[in-house]
Amino acid sequence: MQFCSMKASDKMECYRTHYSTEVTTAQHGCEITVAGWVQDIREMGSIAFLILRDRMGTLQVTMLKKKLDPELFKKLCGLNRESVIAVRGTCKPSDKARNGYEVIPEEVEILSEAGTPLPMGVVDKVGVDLDTRLDNRFIDLRKEEVQAIFKIRNRVIEAAHGYLRGNGFIEMHSPNIIGASSEGGTDLFAVQYFEKQAFLSQSPQLYKQTMMATGFDRVYEIAKYFRAEQHNTRRHLNESTAIDLEMAFVRSEEDVMGTLERLIRHIWDHVADNCTDELSLLGVSITVPSLPMRRVTYDEAVERLAKSGVDIKWGDDIGTEAEKLLGDLMQKEGCEFYFITKYPLEAKPFYAMPENGMADDRYARAFDLELNGVEITSGAQRIHDVKLLEERITAKGLKPSDFEGYLKAFRYGMPPHGGFGLGIERIVMNMLGIQNIRECTLFPRDRMRISP
RNA sequence: GCCCCGGUAGUGUAGCGGCCUAUCAUGCCAGCCUGUCGAGCUGGCGACCCGGAUUCAAAUUCCGGCCGGGGCGCCA
């Protein structure tokens with residue numbers, strides 16, 4: 001260890017030689033420098049303990065009053081909790097301390113003093129409302145269980161990038177500021193764009209489809225969805241994130257569903273392999289789904305629900321309560337994940353491919369992927385015939401002329417294609433059993449909140 | 001858009017017409033303690049969202065405002 005051979009110097013040469021959990025028996029007896037946030041100080045008269053937290057965990061700095069410079073003892077014990085410090089000292093093995101060692105300080109540098117009282121505690125033994133936590137998210141995120149959610153979220157996204165790039169998809173970025181034409185189905189946020197009115201995009205749908213006319217064949221985007229719906233629920237955000245993809249030369253929606261289920265399996269696999277600490281911290285065990293995932297047609301779902309006493313008018317979407325009930329029914333059969341396929345055409349957006357390619361078909365080649373009764377993905381084979389697309393736009397009460405920029409991409413060679421959008425917050429929420437989706441995004445945007 | 005519910009110290013709560021000079025915990029401040037790790041003990045600090053109204057009396061009832069939570073619809 002090069003740090004072992006380092007001479008003690010008057011000045012701290014660096015703020016950190018080791019993270020809390022990186023210290024091994026090799027460092028015992030050597031000088032190390034550690035840095036982080038002061039989580040707690042327990043002063044007991046002649047001995048005091050300072051718990052220092054860094055991104056890997058916590059460690060203990062032990063101060064014996066008799067053996068320590070009085071100035072240094074006072075300086076360390078007088079710190080406010082959550083101040084940021086660097087401590088240079090000797091690493092001493094100890095079976096009484098966490099991680100099997102403690103740091104006997106020789107020098108401390110106060111890098112930032114925390115004010116008091118804290119707007120909320122990091123390790124206090126009292127509850128904190130989600131709202132208070134979100135108002136003070138920078139402190140909330142100091143909690144290891146909160147960090148665990150985002151470490152797992154990071155792995156989810158990492159897995160998606162890895163799987164998709166490994167399977168010929170290229171990452172794209174579509175504009176978030178769009179002109180008037182939109183896919184419909186939701187309210188958009190209006191923004192002033194110089195002298196014009198513009199909107200925040202509800203999804204990259206029309207752009208990723210446009211990309212199918214280019215020859216890239218397979219694209220994906222970690223996309224932002226902006227939706228101006230006045231919903232106020234535990235599973236909706238006004239700004240959300242999705243893994244959105246589109247693939248060309250598909251024979252049917254089955255090709256898309258196959259990609260989706262393999263992607264999901266890879267994500268679950270990757271999280272299971274790389275997040276054991278985080279999962280156990282959150283008390284969650286996850287099961288990598290086996291393939292193929294169960295397919296249930298819309299008609300079957302409606303029939304099953306009818307048998308359980310919930311009547312859905314054919315053609316209507318399956319409501320939240322019914323969706324939950326179906327989730328319970330499927331779970332009894334051992335299916336956490338299941339597709340609902342063959343939706344009524346009328347229940348799906350204009351770009352969904354009718355089952356037999358006719359504008360007045362009864363069903364669409366569209367599917368949702370459900371996880372424990374919550375929709376995490378919506379997808380379909382898309383219409384690639386411009387005539388049919390225009391008919392469907394009209395049938396939805398929209399004007400084809402408003403979609404001219406989009407339709408143009410279909411007139412000069414557009415292959416059959418399909419795709420889906422997979423909500424990242426919804427994945428994390430349902431994977432980890434989190435009750436409120438706001439916990440799954442750093443700075444959530446909901447009906448009331450635009451800050452921080 | 002529709003329908004419920006709530007706002008009491010920094011944080012989380014109890015109180016729901018007079019017993020409130022407002023409970024408890026946590027936090028903060030001071031003191032004691034040589035092995036703490038949800039440390040312990042002693043003392044102290046700190047709050048009824050705002051504006052009207054009712055009443056002898058309002059944290060408590062009513063009206064309005066502001067802020068927030070949840071459900072539905074819609075969706076990821």
Side-chain angles (χ1 to χ4, degrees), chain A residues 39-53 58-68 73 78 80-82 92 94-99 102 114-136 139-140 183-187 202-205 222-244 316-324 347-349 368-371 374-379 420-430 435-438 440-441 446-449 451:
Chain A
Q39 186 165 96
D40 199 11
I41 298 167
R42 287 188 278 275
E43 199 190 335
M44 313 181 66
S46 307
I47 191 169
F49 305 98
L50 183 153
I51 307 303
L52 190 71
R53 186 187 63 246
T58 55
L59 62 86
Q60 180 171 290
V61 177
T62 302
M63 297 159 279
L64 265 173
K65 202 169 192 172
K66 273 193 271 183
K67 296 196 177 171
L68 212 61
F73 188 88
N80 290 333
R81 294 196 307 169
E82 297 303 316
K92 188 183 150 199
S94 165
D95 47 8
K96 288 179 197 147
R98 53 193 73 198
N99 314 323
E102 57 195 358
T116 180
L118 295 165
M120 58 174 275
V122 178
V123 290
D124 290 1
K125 321 153 205 31
V126 287
V128 188
D129 285 348
L130 182 58
D131 207 45
T132 306
R133 291 173 49 202
L134 293 174
D135 282 340
N136 300 285
I139 292 184
D140 186 49
E183 54 188 285
T186 192
D187 287 329
Q202 69 181 97
S203 89
Q205 182 63 32
I222 305 296
K224 276 297 179 76
Y225 291 3
F226 299 96
R227 299 188 177 176
E229 294 292 329
Q230 306 228 19
H231 36 47
N232 202 355
T233 79
R234 291 172 302 151
R235 58 189 189 286
H236 288 93
L237 293 166
N238 291 290
E239 179 175 353
S240 68
T241 319
I243 299 160
D244 225 304
D316 280 356
D317 215 343
I318 297 169
T320 308
E321 282 307 313
E323 201 182 13
K324 275 183 201 151
K348 287 291 169 185
D368 287 350
L369 179 65
E370 303 273 323
L371 170 52
V374 177
E375 180 182 339
I376 61 167
T377 310
S378 196
F420 58 79
L422 171 55
I424 291 172
E425 290 85 12
R426 286 267 175 104
I427 295 177
V428 174
M429 177 181 184
N430 290 292
Q435 294 304 306
N436 195 316
I437 198 164
R438 282 165 258 233
C440 301
T441 188
D446 63 29
R447 178 69 186 84
M448 303 312 293
R449 182 179 289 279
S451 166

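Since we're looking at a predicted model, the values are computed, not measured. So that the names make sense, note that chain A is the first sequence line, chain B the second, and so on, each numbered from 1.
The separation of B:C48 from B:U54, taken at their P atoms, amounts to 24 Å, rounded to a whole angstrom. Taking atom C1' in both B:C3 and B:C50, one finds a spacing of 26 Å when rounded to whole Å. The separation of B:A47 from B:C20, taken at their C1' atoms, amounts to 13 Å, rounded to a whole angstrom. Nucleotides B:G46 and B:G10 are separated by 9 Å at their C1' atoms, to the nearest Å. As rounded to the nearest Å, B:A22 and B:A59 have P atoms that lie 12 Å from one another. Look at the C1' atom in both B:C33 and B:U42: the space between them is 12 Å, to the nearest Å. Between the C1' atoms of B:G73 and B:C28, the separation comes to 47 Å (whole Å). With both ends at atom C1', the span from B:G17 to B:A9 equals 24 Å, rounded to whole Å.
Rounded to whole angstrom, the span from the NZ atom of A:K96 across to the P atom of B:C37 amounts to 13 Å. One atom, CG of A:L371, and another, P of B:C75, lie 19 Å apart when rounded to the nearest Å. Separating the NZ atom of A:K224 from the P atom of B:A76 is a distance of 17 Å, rounded to the nearest angstrom. The CD-P distance, from A:E82 to B:U11, rounds to 16 Å in whole Å. Going from atom CG of A:L50 over to atom C1' of B:A39 covers 15 Å, rounded to whole Å. A straight line from CE of A:M429 to P of B:C75 spans 18 Å, rounded to a whole angstrom. Atom CZ of A:R235 is separated from atom C1' of B:C74 by 10 Å (rounded to the nearest Å). A:R447 has its CZ atom 17 Å from the P atom of B:C4, to the nearest Å.
Residue A:E323 is in base contact, counting any heavy-atom pair closer than 4.0 Å across all strands shown. When heavy atoms are screened at a 4.0 angstrom cut-off, A:K65 is found touching no nucleic acid atom at all. Among the atoms of the strands shown, base atoms are found under 4.0 Å from some heavy atom of A:E102. Among the protein residues, A:G121 comes within range of no part of the nucleic acid, since none of its heavy atoms lies under 4.0 Å from any strand. Among the atoms of the strands shown, none is found under 4.0 Å from any heavy atom of A:I51. When heavy atoms are screened at a 4.0 angstrom cut-off, A:N232 is found touching base atoms of the nucleic acid. Contacts of A:M448 with the nucleic acid, taken as non-hydrogen atoms under 4.0 Å apart, involve only primed sugar atoms and P, OP1 or OP2. When heavy atoms are screened at a 4.0 angstrom cut-off, A:L64 is found touching base atoms of the nucleic acid. At the heavy-atom level, A:D317 lies under 4.0 Å from the strands shown only through sugar-phosphate atoms. Counting non-hydrogen atoms under 4.0 angstrom, A:R81 reaches the backbone sugars and phosphates but no base. At a threshold of 4.0 angstrom between heavy atoms, the contacts of A:D129 are confined to the sugar-phosphate backbone, with no base atom among them. Counting any heavy atom pair closer than 4.0 Å across all strands shown, A:T132 reaches sugar-phosphate atoms only and no base atom. As judged by a 4.0 angstrom heavy-atom cut-off over every strand, A:N436 is placed among residues touching the sugar-phosphate backbone only. Nucleic acid contact class of A:A97 (heavy atoms, under 4.0 Å, all strands): base.
With a cut-off of 3.5 Å on both Watson-Crick or G-U wobble distances, the partner of B:G51 is given as B:C63. When both distances must be under 3.5 Å, the Watson-Crick or G-U wobble mate of B:C56 is B:G18. Judged by Watson-Crick or G-U wobble contacts below 3.5 Å, the nucleotide B:C24 has B:G12 as its partner. Across all strands shown, B:G73 forms no Watson-Crick or G-U wobble pair with both key distances under 3.5 Å. Pair assignment for B:G31: B:C41, on the basis of Watson-Crick or G-U wobble contacts that are both within less than 3.5 Å.
Ranking B:G27, B:G35, B:A76 by closeness to the A:D124 side chain, first place goes to B:G27. Closest to the A:E375 side chain, of the nucleotides B:U36, B:C29, B:C75, is B:C75. Comparing B:A39, B:C72, B:G12 by their nearest atom to the side chain of A:V126 picks out B:G12. Distance from the side chain of A:R227 is smallest to B:C75 among B:G27, B:G35, B:C75.
Using a cutoff of 4.0 Å between basic side-chain nitrogens and carboxylate oxygens, A:D131 and A:R133 are not scored as salt-bridged. Salt bridge A:K224/A:E239: present, at least one basic N to carboxylate O contact under 4.0 Å. With respect to the salt-bridge test (charged N to carboxylate O, under 4.0 angstrom), the residues A:R81 and A:D124 qualify. A salt bridge links A:E82 to A:R53: one of the charged nitrogens lies within less than 4.0 Å of a carboxylate oxygen. Ion pair A:D446/A:R234 not flagged as a salt bridge, since none of the NZ, NE, NH1 or NH2 atoms sits closer than 4.0 Å to an Asp/Glu carboxylate oxygen.
Side-chain atoms of A:R227 and A:Q202 include no donor-acceptor pair closer than 3.5 Å.
Put simply, the side chain of A:Q435 and the base of B:G70 share no donor and acceptor less than 3.5 Å apart. Judged by atom type and distance alone, A:H236 reaches the base of B:C74 through a side-chain donor-acceptor pair under 3.5 Å. Put simply, the side chain of A:R426 and the base of B:C75 share a donor and an acceptor less than 3.5 Å apart. You'll find a donor-acceptor pair under 3.5 Å spanning the side chain of A:R98 and the base of B:C37, going by distance alone. On a pure distance criterion of 3.5 Å, no polar donor-acceptor pair joins the side chain of A:E43 and the base of B:U36.
For the OP1/OP2 pair of B:G27 and a distance below 4.0 Å, the side-chain nitrogens and oxygens of A:T116 include no atom meeting the criterion. Distances shorter than 4.0 Å separate some side-chain N or O of A:Q230 from OP1 or OP2 on B:G1. A close approach under 4.0 Å does not occur between any side-chain nitrogen or oxygen of A:S240 and OP1 or OP2 of B:A76. For the OP1/OP2 pair of B:G70 and a distance below 4.0 Å, the side-chain nitrogens and oxygens of A:T233 include no atom meeting the criterion. Contact annotation: A:R438 side-chain N/O to B:G70 OP1/OP2 distance is under 4.0 Å.
For A:R426 (side chain) and A:E375 (main-chain N/O), a donor-acceptor pair under 3.5 Å exists by modelled atom type. Side-chain N or O atoms of A:D40 include none that pairs as donor or acceptor with a backbone N or O of A:L50 at under 3.5 Å.
Taking all atoms of both residues into account, the shortest heavy-atom contact from A:T233 to A:R438 is O-NH2, 3.0 Å.
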Next on the checklist: What verdict does the side-chain contact (heavy atoms from CB on, under 4.5 Å) test give for A:H236 and A:E229, after you've listed the backbone C-alpha separation in whole Å, the side-chain angles of each residue and the deciding distance to 0.1 Å?
Outcome noted: CA-CA 9 Å; A:H236 288 93; A:E229 294 292 329; over 6 Å; no
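Each of A:T320 and A:R449 lies near RNA chain B, and the nucleotide nearest A:R449 is the one positioned closer to the 5' end.
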